[in-house]
Amino acid sequence: MLDNIVSEILSSSKRAVARGITLVENESPSSSQLLKSLFKNTGRAHIIGITGPPGAGKSTVTNVLTKLLRKNNFKVGIIAVDPSSPFTGGALLGDRIRMQEIGTDADVFIRSMATRGSLGGLSRKAREACEILDASGKDFIIIETVGVGQSELDIAQTADTTIVVLVPESGDAVQTMKAGLMEIGDIFVINKSDREGADALSVALKTMLHLKMKETDDWDVKVVKTVGLQNKGIDELYKEIERHKTYLEKNGKLHEKRKENLIKQINELVNNKLENKFWTSERKKELEKNLEDIINRQSNPYDFVEELFKVESL
Ligand SMILES: Nc1nc2c(ncn2[C@@H]2O[C@H](COP(=O)(O)OP(=O)(O)O)[C@@H](O)[C@H]2O)c(=O)[nH]1
Ligand SMILES: [Mg+2]
C-alpha cells in the first residue's frame with residue numbers, strides 16, 4: 001500500500017499527496033516510512049514563506065501570485081497554516097472561497113493545516129507536508145502563516161524566501177519590529193496599497209531596513225507595494241522572488257540555508273525521539289504521583305527530575 005502511494009505521489013497524483021499529508025498530520029506510524037521513501041526526491045522546489053498579521057491579505061496575495069506562477073507554467077503547492085483560534089474561522093472560510101478557483105487546477109495543490117494541539121508539532125508537520133509536495137514535483141511551495149508568534153516565525157524560517165506582508169495602517173511598522181518580522185523578511189510587501197499611508201509606510205520600512213543592514217549583508221531587501229484584490233504589483237513581487245532565488249543559488253547561500261534547516265530538522269527529530277523514549281508509563285505515573293508534593297513545596301522540580309532519570313525504563 002505504501003509503495004503505491006509513494007509512486008503515485010512521485011507522479012503528482014493530487015489524491016495521493018492529500019493522503020500523504022493526512023498521514024503526516026495524524027502522525028500515523030506509516031508517515032515516517034513514507035517520508036523516508038520520498039526524501040531522495042525532495043530539495044527541488046523553491047519554498048516561499050508568506051507571513052504577516054491576520055487580515056493583511058496573505059491569502060489574497062498567495063492566490064494572485066499562484067495564478068502568475070501558473071502562467072509561467074510552474075507547478076504550485078500551497079500550505080496555509082491556520083491557527084485554530086475561533087477568531088480566524090471567518091478568514092479561513094474566505095480563504096477557501098478565494099482559493100477554489102486555483103484549487104481546481106491540476107497543478108495546484110492547496111491544503112490548510114490547523115494548529116489543533118501544539119504549534120511546535122505543527123511546524124514539523126508543515127515541513128513534512130512540504131517534503132511531500134516537493135517530491136510530487138511542485139516548482140514552488142508557498143507556506144502561509146500568521147506572523148504572530150515564535151512558532152510561526154520558525155515555520156517562516158524553513159522557507160527559502162520569506163515574504164512579510166503588511167498593510168498601510170499606522171503602527172504596523174512598530175509592530176513589525178516587535179514581532180521580529182523585520183529580521184526574517186527577504187521581501188516586504190505592503191498590500192492594500194489602494195489605501196492611504198502605503199507610501200509613508202514604504203519610506204519608514206526602507207529606513208528601518210537600511211538601519212538594520214550590516215556591512216556584510218549583500219542581499220538588499222526591497223519593499224513592494226501591492227493591491228492583491230486588483231492583482232497589482234504582483235509582477236514586481238514575482239521578480240523579487242526570482243531575484244532572491246537567483247541570489248541564493250549563485251552564492252551558495254541556498255546550500256548553506258538548507259544545511260542550517262537540516263540541522264534544525266535533525267535536532268527536532270532527536271528531541272522528539274528522546275522525549276517519547278523518556279516518557280515511559282512508569283515515568284508518567286511518577287509525574288502524576290509527585291505533582292501534588294511539588295506544588296505543596298514538599299519536593300521540588302529539580303530533585304524530581306533527577307529522580308526521574310534514575311527510574312529504570314522498564
Ligand atoms: N482594500 C484591499 N483589500 C484587500 C486587499 N487584499 C486583500 N484584501 C481584503 O482583506 C481581507 C483579508 O484578506 P486575506 O487575504 O484573507 O488576509 P490574510 O488573513 O492575511 O490571509 C479580505 O477581505 C480581502 O478581500 C487589497 O489589496 N486591498
Ligand atoms: Mg489567510
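Each ligand, and each atom within it, is numbered from 1 in the order the structure gives.
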So, is [X] polar-close to ligand 1, with some N/O to N/O distance under 3.5 Å?
X: P54; value: no
X: G228; value: yes
X: S59; value: yes

With respect to the Mg ion (ligand 2), what is the nearest N, O or S atom of E144? OE2
Side chains of [X] and [Y]: is there a donor and an acceptor less than 3.5 Å apart?
X: N290; Y: D293; value: no
X: Q265; Y: E131; value: yes
X: Y238; Y: E242; value: yes

Where the closest heavy atom to atom 9 (C) of ligand 1 is concerned, which of K232, K225, K192 has it? K192
Test T145 against T51 for side chain to side chain donor-acceptor pair (under 3.5 Å), laying out the working first. CA-CA 5 Å; T145 59; T51 191; 3.3 Å; yes
Note: V17 and I9 closest approach over all heavy atoms is N-CG1, 3.9 Å
One finds that the ligand 1 atoms under 4.0 Å from a non-hydrogen atom of D194 are 1 (N), 2 (C), 26 (C), 27 (O), 28 (N)
Does any N, O or S atom of S59, backbone or side chain, fall under 2.8 Å from the Mg ion (ligand 2)? yes
Below 4.0 Å from any atom of ligand 1, is there a heavy atom belonging to E144? yes
Name the orientation class of the two ring planes belonging to F278 and F309 (parallel below 30°, tilted from 30 to 60°, perpendicular beyond 60°). tilted
